[in-house]
Amino acid sequence: MSRVKTIKKQTQNRFLNLYELEAKHRDGKVSPYFLASRAEDVSDLKITTGKNIPDGVAIYGIYGEKKDKVALVRQFRYPLNNYIYEFPAGLVEKGEDATDAAVREMYEETGLTLTPLSCEEMYTRPFFTTIGMTDESCATVYGYLSGEPTNLHQEEAEDIQVILADREECKRILKEENVAIICAYMLMHFIHSEEEPFGFLKV
């Protein structure tokens, strides 16, 4: 059976660290495997705790009187040296509820006020992102937005443009732009849900 034997922390950074795992494969061979994690120490890794506490939150927010626009951010990302379309998102602070984090992050990134929807846990619980290289997991919060977009509350290091996209613009974005995969899937849903954007949350 495959398993992790030992774990060594390789870096000491604030937001992201590299860990070296001693991976034992099903054939008995052992090799190094490298993991990026937001955990501050080995004891905080999901491997160690066995708990899936969300590192971050993504926000699927609908805007406008006709509820015909979705809030996106066009953000510069250094791993690409380019801009990419994403949902507003951010880290969940220690002890913070994911919904509270979503309200805070939406306001900080876009200036918009999020009114979260209450829905079943299976829609909001944290899911893993890029599991081949990280143990990061992300919760999703859904809701309606009000106010006027602004970048006045963004951090100085952030390069973010707020986008309120209707369905035609979402189609263009999917055809022509760099898009984060979670965002892409939800945009596909938004495009085909004209009657009720959050209809899939109903049981």
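Remember, it's a predicted structure, so these values are computed and weren't measured experimentally.
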*Asks:* Listing request: all side-chain hydrogen bond (donor to acceptor under 3.5 Å, both in side chains) pairs with a residue in residues 66-80, at least two apart in sequence or in separate chains.
*Replies:*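 Output for this query lists Gln75-Glu86, Arg77-Glu86.
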*Asks:* Are Tyr142 and Phe200 an aromatic pair by the rule of ring centers under 6.0 Å?
*Replies:* yes
*Asks:* Is any side-chain heavy atom of Val4 closer than 4.5 Å to one of Tyr33?
*Replies:*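 No. Closest side-chain heavy atoms not under 4.5 Å.
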*Asks:* Are the side chains of Val70 and Phe87 in contact, using a 4.5 Å heavy-atom criterion?
*Replies:*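 Phe87 vs Val70: side chains touch.
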*Asks:* Which heavy atom in Leu72 sits nearest to a heavy atom in Cys183, and how many Å separate them?
*Replies:* CD2-SG, 3.8 Å
*Asks:* Which of these, Tyr63, Tyr60, Phe198, sits in a ring-ring contact (aromatic ring centres under 6.0 Å, His included) with Tyr144?
*Replies:* Phe198
*Asks:* Could you check whether any side-chain heavy atom of Ile160 comes within less than 4.5 Å of a side-chain heavy atom of Phe76, counting everything from C-beta outward?
*Replies:*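 With C-beta onward as the side chain, the pair stays apart.
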*Asks:* For Thr11, enumerate each residue passing the side-chain hydrogen bond (donor to acceptor under 3.5 Å, both in side chains) test, keeping only those at least two apart in sequence or located in another chain.
*Replies:*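 Expected list: Asn17.
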*Asks:* According to side-chain hydrogen bond (donor to acceptor under 3.5 Å, both in side chains), who are the partners of Tyr107, at least two apart in sequence or on a separate chain?
*Replies:*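 Counting only residues at least two positions away or on another chain, Tyr107 forms a side-chain hydrogen bond (donor to acceptor under 3.5 Å, both in side chains) with His153.
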*Asks:* Measure across Ala98 and Val57 and return the closest heavy-atom pair with its distance rounded to 0.1 Å.
*Replies:* O-CG2, 3.8 Å
*Asks:* Between Ala184 and Val179, what is the shortest heavy-atom contact and its length?
*Replies:* N-CG1, 3.7 Å
*Asks:* Can you list everything that forms a salt bridge (charged side-chain N to carboxylate O under 4.0 Å, His left out) with Glu148? Sequence neighbours excluded, please.
*Replies:*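 Result, salt bridge (charged side-chain N to carboxylate O under 4.0 Å, His left out) vs Glu148: none returned.
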*Asks:* Can you give me the closest heavy-atom contact between Leu112 and Ala71, atom names plus distance?
*Replies:*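 Nearest pair, atom of Leu112 first, then Ala71: CD1-CB, 4.5 Å.
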*Asks:* Of all heavy-atom pairs between Ala165 and Ile173, which one has the smallest distance, and what is that distance?
*Replies:*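 For Ala165 versus Ile173, the nearest heavy atoms are CB-CD1, 4.4 Å.
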*Asks:* Under the side chain to side chain contact (heavy atoms under 4.5 Å, CB included) test against Leu35, which residue among Ile7, Ile131, Leu45 passes?
*Replies:* Leu45
*Asks:* Would you confirm whether Thr110, through its side chain, and Val162, through its main-chain N or O, come within 3.5 Å as a donor-acceptor pair?
*Replies:* no
*Asks:* Donor-acceptor check, side chain of Lys8 to backbone of Glu22, threshold 3.5 angstrom: yes or no?
*Replies:*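 No; judged by distance alone, with no hydrogens or angles, the pair does not exist.
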*Asks:* With sequence neighbours excluded, what pairs up with Tyr83 under the side-chain hydrogen bond (donor to acceptor under 3.5 Å, both in side chains) test?
*Replies:*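 Only Asp159 meet the side-chain hydrogen bond (donor to acceptor under 3.5 Å, both in side chains) criterion with Tyr83.
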*Asks:* Which pairs pass side-chain hydrogen bond (donor to acceptor under 3.5 Å, both in side chains) with one or both residues in residues 127-136, sequence neighbours excluded?
*Replies:*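 Sorted result for residues 127-136: Ser37-Asp135, Arg38-Glu136, Thr129-Glu136.
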*Asks:* What pair of heavy atoms forms the shortest contact from Thr124 to Ala139, and how long is it?
*Replies:* O-CB, 3.2 Å
